[in-house]
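The sequence lines fix the lettering, A, B, ..., with proteins before strands; numbering per chain opens at 1.
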Amino acid sequence: MNQPKFDALTASQREAVFHKEGPLLVIAGPGSGKTRVITCRIAALIGSGVWPRAICAITFTNKAAEEMRQRAISLGVPPGAQISTFHSMCVRILRQYAQASGVNPAFSIYDTADQSKCVKQALKDCDMDSTNFPPGKMLAAISTLKNKLVTPEAFNTSAEDFFSRNLAKVYTRYQALLDQHNALDFDDLLVKTALLLEGRAEVCRELGERFRFLLIDEYQDTNHAQYRIAKALASLHGNICATGDPDQSIYRWRGADIRNILAFERDWPSAKVVKLEENFRSSATILKAADALIRCNRQRKDKRLVPTRPEGKPIDVVVCEDEFDEAFTIARRIKDLASSGERLNSMAVFYRVNAMSRTMEEAFIRQQVPYQVVRGVEFYNRKEIRDLLAYLKVAVNPQDEVALRRIINTPTRGIGDVTVEKVQAYATAHRISLYQALTQASAIETLSGAVKGRLAVFVARLEVLKKDSAGPAAPLVQRAFTESGLEQSLRESGTGGYPGGQDALENCQELISAAGQYDQQTETPSLLEWLQQISLFSDVDAYDGTSSRVALMSLHAAKGLEFDHVFIAGLEEGLLPHEQSCDDEQEIEEERRLFFVGITRARKSLHITHCRYRTIRGQTLRTVASPFLFELGVESTISTAKEDRDPIHDREHRYDRSDPEITAAFTRGEMVRHKAFGLGRVQDFTDMGDNSFVTIRFNTGQTKTLMLKYANLTKV
DNA sequence: AAAACATACATTTTT
DNA sequence: TGTATGTTTT
């Protein structure tokens, strides 16, 4: 049926696509057409008589899952196969087997911000000092334990040294708090699923019978919990197909265990291994450099990078003066490429740390190069979105105390900290949840009549929402928006606590329409399901490859993407490899893989820059070129960006040239640069047209009032 | 309750 | 250097 579509496959791709029964490991290098192989494999399985519903494909990101679904559709694969991320699969399993796994199906999903609230609370409850035990560190340690499926009880018995014993206390308390709140954090989703599958043989068998074919993408990024889940799910039949590239493992720091993919053949001795070594993406020149680089890693399975494309342009390595010069140089080269007919959305700039995006953005604005910054979080982390979602979460799961505390006085409704503490005291005394205590507020003697009234109004609103919480999500989100008072407070912005009132309003409306979309796409939509689903979303998916803009992103964010022209900035010691990843050889090797990932995104041309000086945290330091540069082993065109510019007044010229608004108004607090005095902050601005003057406190400590027309200031 | 002030902090990021 | 968060002030 789908046979004609498979004709274009290479021999090794065919092997991977048509291997039917038993374990299969596909080691797929960059640009080897891996995604296509997986979707073709799904099609081939179904073509050979496998029922679509028996297929379970697991990805790491929602974006990857969506892409795979789209590809499957365009291949003509009938619907029914489950294609989802590890986490959403776990949510589904946990809800289906709620009883067996000991969770309440209305659970909230806690993200890092919620987690951090709980850890802080746990530290407080344990009388531990957050200076000696920083919440972030504790959370990371807890996450590591969870990844290894170590329960608080187990850790309690094994913890011996001072730190471990304290960690055990916090971990135990933290987990108790989550239980109390009927909440699972991201790690719990995996842990509970793994424990369910390993602890309940009948559940494991049922799921094994249902999902006869398991496909796991990016297997090199699995952590231990995910590994155990995969192993359990495939234990019945051994039909597990793992695909990945050990050379693209860049998430060790968040628990990814490269040993999972390296030891696949040991776990599944009958495994067939297929290597996809041909690269259909990059020019031979780029591949040669990438190959030379990655060969410097010692802990590695040997793998070839076989080019199928012609030589292409030489790799371009540029030494810049400082980060401004670097950004300027990149912007100018992009302009050159654009004027030679290349599309802006075929180009991308990668950097090691997101902080580097700002300098880039400034240069791009000045040079008028359209760009988009691709960043992780944003939308769902906005205050107004979190507030609105918290309101809904409480309606669905009143035990969710983090959400409840968030909204109890947001927008302000005269329920201050003192009141909450009184209610909390009552709750503790009567061993009930905070929410339950709120419903009994009239019985709390320490509260005044007025406060009781306000609490009653608040609870009544939530109760109504809770009662009507069945059916489509969008109307409920709309209602919560209005009834919570959030909408009104946003409309009256300026006075309220929301500085960007208009934006915030639009964001909330966007959330409502997102809920509407979910309602339309889902057979039996429910608020609970929607909330659980969007907890697992981030908006990296918001990257728009079709708009005509250059993409700016971190090297990590670049994984899975490809561009004709790639720029990688900051190839300096301490930045790439990052100074905090230089402790051991393993970390250095991961940094090398990160660079490798960046390089192999490029199809036609690769441009690498590094600076002689870079300002980090306000200090300008002389830099050293990254050792990785020399490992590329290519005859690179080393050019100095500065050569065609005035060497002394570079920076000033750059700004003068591109900033015609030199007499524009300045506002208090703005950063400006003065030729002689350097950086400073505007204290005051008196607009007198041509004779305007401006008061600036310079970083040298002096404050000066200058005539604008003579000052020659530039905005920073 | 809001604004002003002070202080810690600072990779990578998905779920 | 900036920011994000927490604390004090009004």
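Nearest nucleotide to the A/Arg617 side chain, out of B/dT13, B/dT15, C/dT1: C/dT1. Listed nucleotides: B/dT13, B/dT15, C/dG2. Nearest to the side chain of A/Arg358: C/dG2. Checked against B/dT14, B/dA2, B/dT12, the side chain of A/Thr61 finds its nearest nucleotide in B/dT14.
Taking atom NZ of A/Lys383 as the reference point, atom C1' of C/dT3 lies 17 Å away to the nearest angstrom. Rounded to whole angstrom, the span from the CG atom of A/Asp185 across to the C1' atom of B/dT15 amounts to 10 Å.
Note on A/Lys120: only backbone sugar-phosphate atoms sit closer than 4.0 angstrom, heavy atoms only; bases stay farther off.
Where stacking is scored as ring centres under 5.5 Å apart with planes under 30°, A/Trp253 registers as stacked on the base of B/dT12.
Distance SG/A/Cys320 to CZ/A/Arg614: 9.0 Å, rounded to 0.5 Å.
Using cut-offs of 30° and 60° for the angle between ring planes, the A/Phe86 and A/Phe60 rings count as perpendicular.
Both A/Phe186 and A/Ala355 lie near DNA chain B, and the one whose nearest nucleotide falls closer to the 5' end is A/Ala355.
Counting heavy atoms from C-beta on, the side chains of A/His87 and A/Ile109 never come closer than 4.5 Å.
A/Asn409 has a side-chain polar atom (N or O) that falls below the 4.0 Å cut-off from OP1 or OP2 of B/dA1. Contact annotation: A/Asn354 does not reach the phosphate of B/dA10 (side-chain N/O to OP1 or OP2, under 4.0 Å). OP1 and OP2 of B/dT14 both lie 4.0 Å or more from every side-chain N or O belonging to A/Asn62.
Evaluation of the ring pair (Phe, Tyr, Trp, His ring centres under 6.0 Å) rule for A/Tyr227 yields A/His224 as partners, not counting sequence neighbours.
Side chains of A/Asp179 and A/Gln175: no donor on one and acceptor on the other come within 3.5 Å. Using modelled atom types and a 3.5 Å distance limit, the side chains of A/Gln586 and A/Glu590 yield no donor-acceptor pair.
Scanning DNA chain B for stems, defined as runs of 3 or more consecutive Watson-Crick or G-U wobble pairs whose donor-acceptor distances all fall under 3.5 Å, gives the following ranges: B:1-10 with C:1-10.
With respect to A/Leu293, the side-chain contact (heavy atoms from CB on, under 4.5 Å) criterion is satisfied by exactly one of A/Leu629, A/Ile599, A/Thr600: A/Ile599.
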